[in-house]
Colleague: 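The following block contains the structure, expressed as structure tokens.
Residue numbers start from 1 in every chain, and the chains themselves are labelled A, B, ... in the order their sequence lines are given, proteins ahead of strands.
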Amino acid sequence: MADTAAVSPADAPARDFIRDAIRQDIAAGKTAGGVVTRFPPEPNGYLHIGHAKSICLNFGLAREFNGRCHLRFDDTNPAKEEQEYIDSIQADVRWLGFDWGTHLYYASDYFEQLYAWAEHLVTTGHAYVDDQTAAEIRENRGTLTEAGRPSPFRDRPAAENLDFLRRMRAGEFADGARVLRARIDMASGNINLRDPVLYRILRARHPRTGDTWYLYPTYDFAHGQSDAIEGITHSICTLEFEDHRPLYDWFLAHLPVPSQPRQIEFARLNLTHTVLSKRRLIQLVRDGHVRGWDDPRMPTISGIRRRGYPAGAIRDFCARIGVAKANSTVEIQYLEHCVREYLNAAALRRMAVLDPIKVVIENYPEGQVEELEAVNNPNDAAAGTRKVPFGRELYIERDDFMETPAPKFFRLAPGREVRLRYAYLVTCKEVVKDAAGEVTELVCTYDPASRGGNAPDGRKVKATLHWISAARGVPAEVRLYDHLFRSPDPDAGGDWLADLNPDSVKVLAGAVVEPALAEARVGEVTQFERQGYFCVDPDSTPGKPVFNRSVGLRDTWAKVQARGG
RNA sequence: UGGGGCGUAGCCAAGCGGUAAGGCAGCGGGCUUUGAUCCCGUCAUCGCAGGUUCGAAUCCUGCCGCCCCAGCCA
């Protein structure tokens, strides 16, 4: 399945408050060097669909404005970060279809410069070393309605602060013994301005800098300055950082930074029937509620990829949900729609019987096999055709037969004639059951004159079924997925884990697929006609392919059934 | 009760003073060798209340509701 398949993104150029702001900045001459954005993940977990929104936004902006987008790891907290995450994040961004060129950076690349700026703030009287414990600092920070109290060390002489800061760097003090704080305003209504911590002592091995540092900058002290160093013009982040913008700007104003980036905040993505917080995703993996970060039920990029969602569909989804500042939760059905739409154009059609029931065509010659021509994609003539073997013994879907057909059920039933796709019209003559009363076989007759699917007399049938030759079909395992959580908002009930969907995966070990599918490669997605889109899982073995259902086809019959009871 | 945001249909979202785009879902219909795709139709007066104006979702005022902030996390 080519990722280049046509999906028409909105014809009109995207329009949102961020693009408007950038256009204004360009018009005002504030972007002489071009528009530069960045995607700044912390390598403490795997990327998920929410990050995809940010990635598409940042890289998309760079593309639209002929600028560039940097990939920068926000690796300021070695206690939580790992190389595994650094690697997976790069793979995921690439898979999504974006390229940072030579612009791969790490906040840790700037540790030396950041430290120099810390000394600068100390020297200019804008920062001080605080000896208070973490508890004391918290205590003195005040509350939402009460101002904070100044630290007893707040007015320490600059020379003394500088000495302590250098000794902090030299590793003379224990973890947590002292911190460097900005001297701003302990009474500010914005708590971020109540003398925020700039550096903390932390003896942890950093994935990139190893053991060279005993102190690490906080996010606030690292982020804006890193943006400034890289010449980022627009630093786009999520709403929870809105309160940090005054601090972001404060650093840019008080330090001799090489550029003045602008921070703009947008609402992060929320999706129904899943969770998107890193903490929870980690918990799902660690506690074994899923099989790993790439479990097809996970909203992670790696999970989505294994599930068979094409990168192009994700990009389309991100473009269609838009960017705004209102908190919002997108229905997961919208994502599924985008996947279907993309795959409808791109995926080849095949036949597969998930839950087989045997059919014997009693008037079809024993031992005879015919190769019937089937279309690969009715919406794309260029996809060509293939041959599908037909024989006396076949399998059809158990759901496609009802001994006593319900109203509006127009598939196979005793005495009823239906079409076997690309093959013949067949009529059910007899129902064979086992001792338990379970239907084990259907005896049918076929109309030899209906080869290909149409009768010369022009008579119509109301249903067309997919089928597989019993002799030539290939056994397969098929995994059907449903939403990971039962309710739209797993949090609503108070205990999100209690909302886990016990039926989020259903394994069908006895499926049988057409021969052409035996050659499908891992990751390839095809449409199983009348059922959905299925992706070859890496668990596949030479004799037995394993398929993940990416998403089902729209099922009007299921809807009718549900409505009718 | 401090500070910062947000409120347009079930969901997402345009709109930037001139009389409510689009997509998803839903509903009705057409086409059909996938009950798929595709096609057509249908589906809101903009949180509330005042005010300004010839005219307001768009401006002003006051309410109401929701979200974020008191990590040496990001």
Side-chain angles (χ1 to χ4, degrees), chain A residues 10 12 15-16 20 40-42 44 74 76-77 79-80 130 132-134 137-139 141-148 175-181 187-194 196-202 215-216 218-220 222-223 237-246 265 267 269 272 278-279 320-338 340-341 344-345 349 351 374-375 377-379 408-411 419-423 425 452-454 460-466 488 527-532 552-560:
Chain A
R15 182 102 203 171
D16 55 62
D20 286 347
E42 181 189 13
N44 67 343
D74 226 324
T76 57
N77 185 359
K80 295 184 174 179
D130 194 346
Q132 292 184 104
T133 63
I137 289 178
R138 189 186 326 120
E139 182 91 351
R141 184 148 30 222
T143 67
L144 296 180
T145 53
E146 300 165 36
D175 284 14
R178 280 177 238 265
V179 293
L180 180 72
R181 291 228 257 169
S188 174
N190 181 343
I191 292 176
N192 294 300
L193 263 22
R194 320 240 265 227
V197 171
L198 273 31
Y199 271 95
R200 72 283 210 184
I201 300 172
L202 219 193
L215 74 180
Y216 292 93
T218 55
Y219 163 84
D220 284 312
H223 203 90
C237 62
T238 44
L239 252 28
E240 65 270 28
F241 293 102
E242 212 153 14
D243 283 344
H244 294 243
R245 184 160 17 102
E265 313 83 13
L269 171 67
T272 61
K278 270 189 190 174
R279 196 200 109 233
R320 291 165 73 160
I321 56 175
V323 182
K325 293 195 72 163
N327 288 316
S328 60
T329 302
V330 177
E331 293 174 336
I332 201 164
Q333 288 82 359
Y334 198 10
L335 207 208
E336 292 166 353
H337 165 81
C338 291
R340 269 192 210 101
E341 185 174 277
N344 175 52
R349 269 102 246 238
M351 290 197 283
V375 173
N377 186 339
N379 300 329
K408 293 183 184 168
F409 178 88
F410 43 80
R411 275 114 89 150
R419 172 166 41 236
L420 293 183
R421 179 145 233 228
Y422 300 125
L425 262 31
N454 286 310
K460 302 290 187 194
V461 291
K462 295 195 74 175
T464 298
L465 312 185
H466 59 277
Q527 182 194 101
F528 288 1
E529 293 217 39
R530 303 208 304 135
Q531 305 194 95
L553 252 28
R554 260 176 73 223
D555 190 348
T556 306
W557 166 236
K559 205 184 292 178
V560 170

Colleague: With rounding to whole Å, what would you report as the distance between B:A36 and B:C24 at their P atoms?
Modeller: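 That atom pair is separated by 15 Å.
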Colleague: Going by modelled atom types, is there a donor-acceptor pair between the base of B:G5 and the side chain of A:Glu265 at under 3.5 Å?
Modeller: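 Check fails, no donor-acceptor contact within cut-off.
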Colleague: Quote, to the nearest angstrom, the C1' distance that separates B:A56 from B:C27.
Modeller: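 Those two atoms are separated by 33 Å.
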Colleague: For A:Gln333 and B:G23, what is the distance between atoms CD and P respectively, to the nearest whole Å?
Modeller: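 Result: 18 Å.
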Colleague: Rounded to whole angstrom, note down the P distance from B:U8 over to B:C73.
Modeller: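 About 37 Å, rounded to a whole number of Å.
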Colleague: Grab the CG-P distance between A:Leu335 and B:C11 for me, whole Å please.
Modeller: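 Going from CG in A:Leu335 over to P in B:C11 covers 18 Å.
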Colleague: Mind checking if A:Tyr216 touches a base, just sugar-phosphate, or nothing, with heavy atoms under 4.0 Å?
Modeller: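 No contact at all - A:Tyr216 keeps every heavy atom at 4.0 Å or more from the nucleic acid.
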Colleague: Indicate for each nucleotide in nucleotides 64-74 of chain B, in 5' to 3' sequence, whether protein heavy atoms under 4.0 Å reach the base (B), only the sugar-phosphate (S), or nothing (-).
Modeller: ---SBBBSBSB
Colleague: If the P atom of B:C38 is compared with that of B:A25, how far apart are they to the nearest Å?
Modeller: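 To the nearest whole Å, 10 Å.
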Colleague: In Watson-Crick or G-U wobble terms, both distances under 3.5 Å, what is the partner of B:A13?
Modeller: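 When the pairing criteria are applied, nothing turns out to pair with B:A13, so the answer is none.
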Colleague: Using the P atom as the point on both nucleotides, what is the distance between B:C48 and B:G10, in whole Å?
Modeller: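 These two P atoms come out 13 Å apart once rounded.
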Colleague: Need to verify one output field. Residue with the more 5' nearest nucleotide on RNA chain B, A:Arg421 or A:Ala324?
Modeller: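 Nearest-nucleotide comparison on RNA chain B picks A:Ala324.
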Colleague: At 4.0 Å (heavy atoms only), tell me whether A:Phe409 reaches a base, stays on the sugar-phosphate, or touches nothing.
Modeller: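 Contact class for A:Phe409: base.
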Colleague: Provide the distance between the two C1' atoms, one in B:C59 and one in B:G22, to the nearest whole Å.
Modeller: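 These two C1' atoms come out 27 Å apart once rounded.
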Colleague: Report the residues that fulfil salt bridge (charged side-chain N to carboxylate O under 4.0 Å, His left out) with A:Arg411, sequence neighbours left out, ordered by chain and then residue number.
Modeller: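 A:Asp400.
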Colleague: Aromatic rings A:Tyr219 and A:His244: how do their planes relate, parallel, tilted or perpendicular, breaks at 30° and 60°?
Modeller: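 Rings of A:Tyr219 and A:His244: perpendicular, as their planes differ by over 60°.
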Colleague: Check whether the side chain of A:Glu341 and the base of B:U37 form a donor-acceptor pair under 3.5 Å.
Modeller: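 Checked by distance alone, the answer is no.
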Colleague: For A:Thr218 and A:Tyr199, run side chain to side chain contact (heavy atoms under 4.5 Å, CB included): C-alpha distance rounded to whole Å, both residues' side-chain angles, the deciding distance at 0.1 Å, then the answer.
Modeller: CA-CA 6 Å; A:Thr218 55; A:Tyr199 271 95; over 6 Å; no
Colleague: Please list each protein N or O that sits under 3.5 Å from an N or O in nucleotides 16-21 of chain B, with the distance.
Modeller:
from: B:C16; atom 1: N4; to: A:Asp20; atom 2: OD2; distance (Å): 3.2

Colleague: Expressed as a whole number of Å, how far does the C1' atom of B:C12 sit from that of B:C6?
Modeller: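 Straight-line distance between the two C1' atoms is 15 Å.
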Colleague: Please tabulate the protein-to-nucleotide N/O contacts below 3.5 Å involving nucleotides 26-30 of chain B, giving atom names and distances.
Modeller:
from: B:G26; atom 1: OP1; to: A:Lys559; atom 2: NZ; distance (Å): 3.0
from: B:C27; atom 1: OP1; to: A:Arg563; atom 2: NH2; distance (Å): 2.9

Colleague: Closest to the A:Tyr334 side chain: B:G10, B:G23, B:U34?
Modeller: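 Of the options given, the side chain of A:Tyr334 lies nearest B:G23.
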Colleague: A:Gln527 has an atom CD; how far is it from atom C1' of B:C38, in whole Å?
Modeller: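 That distance rounds to 14 Å.
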Colleague: What's the base orientation of B:G17: syn (chi within 90° of 0) or anti?
Modeller: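 For B:G17, whose glycosidic angle is more than 90° from 0, the conformation is anti.
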Colleague: Taking only residues two or more places apart in sequence or in another chain, which ones pass salt bridge (charged side-chain N to carboxylate O under 4.0 Å, His left out) with A:Arg15?
Modeller: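 A:Arg15 satisfies salt bridge (charged side-chain N to carboxylate O under 4.0 Å, His left out) with A:Asp20 once adjacent residues are dropped.
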Colleague: Rounding to a whole Å, what distance do you find between A:Lys325:NZ and B:C6:P?
Modeller: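 Roughly 5 Å, once rounded to whole Å.
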Colleague: Using the closest heavy atom to pick a nucleotide of RNA chain B for each, name whichever of A:Thr145 or A:Asn454 lands nearer the 5' end.
Modeller: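 Of the two residues, A:Thr145 wins.
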Colleague: Given atom CG of A:Asp16 and atom C1' of B:G15, what is their separation to the nearest angstrom?
Modeller: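 About 13 Å, once rounded to whole Å.
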Colleague: OP1 or OP2 of B:C24 sitting under 4.0 Å from any side-chain N/O of A:His337?
Modeller: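 Checking A:His337 against B:C24: at least one side-chain N or O falls below 4.0 Å of OP1 or OP2.
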Colleague: Taking side chain to side chain donor-acceptor pair (under 3.5 Å) as the definition, give me every residue that meets it alongside A:Ser328, ordered by chain and number, with sequence neighbours left out.
Modeller: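 Here no residue qualifies.
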Colleague: Short question: side chain of A:Arg181, backbone of A:Leu198 - any donor-acceptor pair under 3.5 Å?
Modeller: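 Absent.
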Colleague: Which atom names give the shortest non-hydrogen contact between A:Phe410 and A:Ala463, and what distance separates them?
Modeller: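 Residues A:Phe410 and A:Ala463, closest heavy atoms: O-CB, 3.0 Å.
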Colleague: Would you mind reading off the distance between A:Leu193 atom CG and B:G2 atom C1', rounded to a whole angstrom?
Modeller: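 Distance, rounded to whole Å: 13 Å.
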Colleague: Which base sits across from B:C59 as a Watson-Crick or G-U pair, both distances under 3.5 Å?
Modeller: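 Paired with B:G51.
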Colleague: Can a donor-acceptor pair be found, under 3.5 Å and without considering hydrogens, that links the side chain of A:Asn44 to the backbone of A:Lys80?
Modeller: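 Checked: no pair found.
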Colleague: Which pair of non-hydrogen atoms, one from A:Lys278 and one from A:Glu42, has the smallest distance, and what is that distance?
Modeller: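 Heavy-atom minimum between the residues: NZ-O, 3.1 Å.
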Colleague: Please state the C1' separation for the pair B:U61 and B:C67 - nearest whole angstrom.
Modeller: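 Straight-line distance between the two C1' atoms is 24 Å.
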Colleague: One pair to check against side chain to side chain contact (heavy atoms under 4.5 Å, CB included): A:Tyr422 and A:Val375. What are the steps and the verdict?
Modeller: CA-CA 8 Å; A:Tyr422 300 125; A:Val375 173; 3.3 Å; yes
Colleague: Identify the nucleotide, in any strand shown, that forms a Watson-Crick or G-U wobble pair with B:C66, with both distances under 3.5 Å; if there is none, say none.
Modeller: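 Across all strands, the one nucleotide that pairs with B:C66 is B:G5.
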Colleague: My understanding is that a pair needs two contacts under 3.5 Å, Watson-Crick or G-U wobble. By that rule, which nucleotide pairs with B:C46?
Modeller: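 Partner of B:C46: none.
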Colleague: Report which part of the nucleic acid A:Val375 touches: base, sugar-phosphate, or nothing (heavy-atom distance under 4.0 Å, all strands).
Modeller: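 A:Val375: no heavy atom of the nucleic acid under 4.0 Å.
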Colleague: Keeping the roles fixed (side chain from A:Thr143, backbone from A:Thr145), state whether a donor-acceptor pair exists under 3.5 Å.
Modeller: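 Answer holds: yes.
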Colleague: For the backbone of A:Arg419 and the side chain of A:Thr464, can you confirm whether one donor and one acceptor N or O come within less than 3.5 Å of each other?
Modeller: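 No: the side chain of A:Thr464 does not pair with the backbone of A:Arg419.
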Colleague: For A:Ile191, does its backbone N or O pair with a side-chain atom of A:Ser188 as donor and acceptor, under 3.5 Å?
Modeller: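 Here the side-chain-to-backbone pair does not exist.
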Colleague: Provide, to the nearest angstrom, the distance between the CD1 atom belonging to A:Ile321 and the P atom belonging to B:C11.
Modeller: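 Taking CD1 of A:Ile321 and P of B:C11, I get 16 Å after rounding.
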Colleague: Would a distance-only check, ignoring hydrogens and angles, find a side-chain to backbone donor-acceptor pair under 3.5 Å from A:Asp130 to A:Leu180?
Modeller: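 No, A:Asp130 side chain to A:Leu180 backbone: no donor-acceptor pair under 3.5 Å.
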Colleague: Nearest-Å distance, NZ (A:Lys460) to P (B:C31)?
Modeller: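 That distance rounds to 11 Å.
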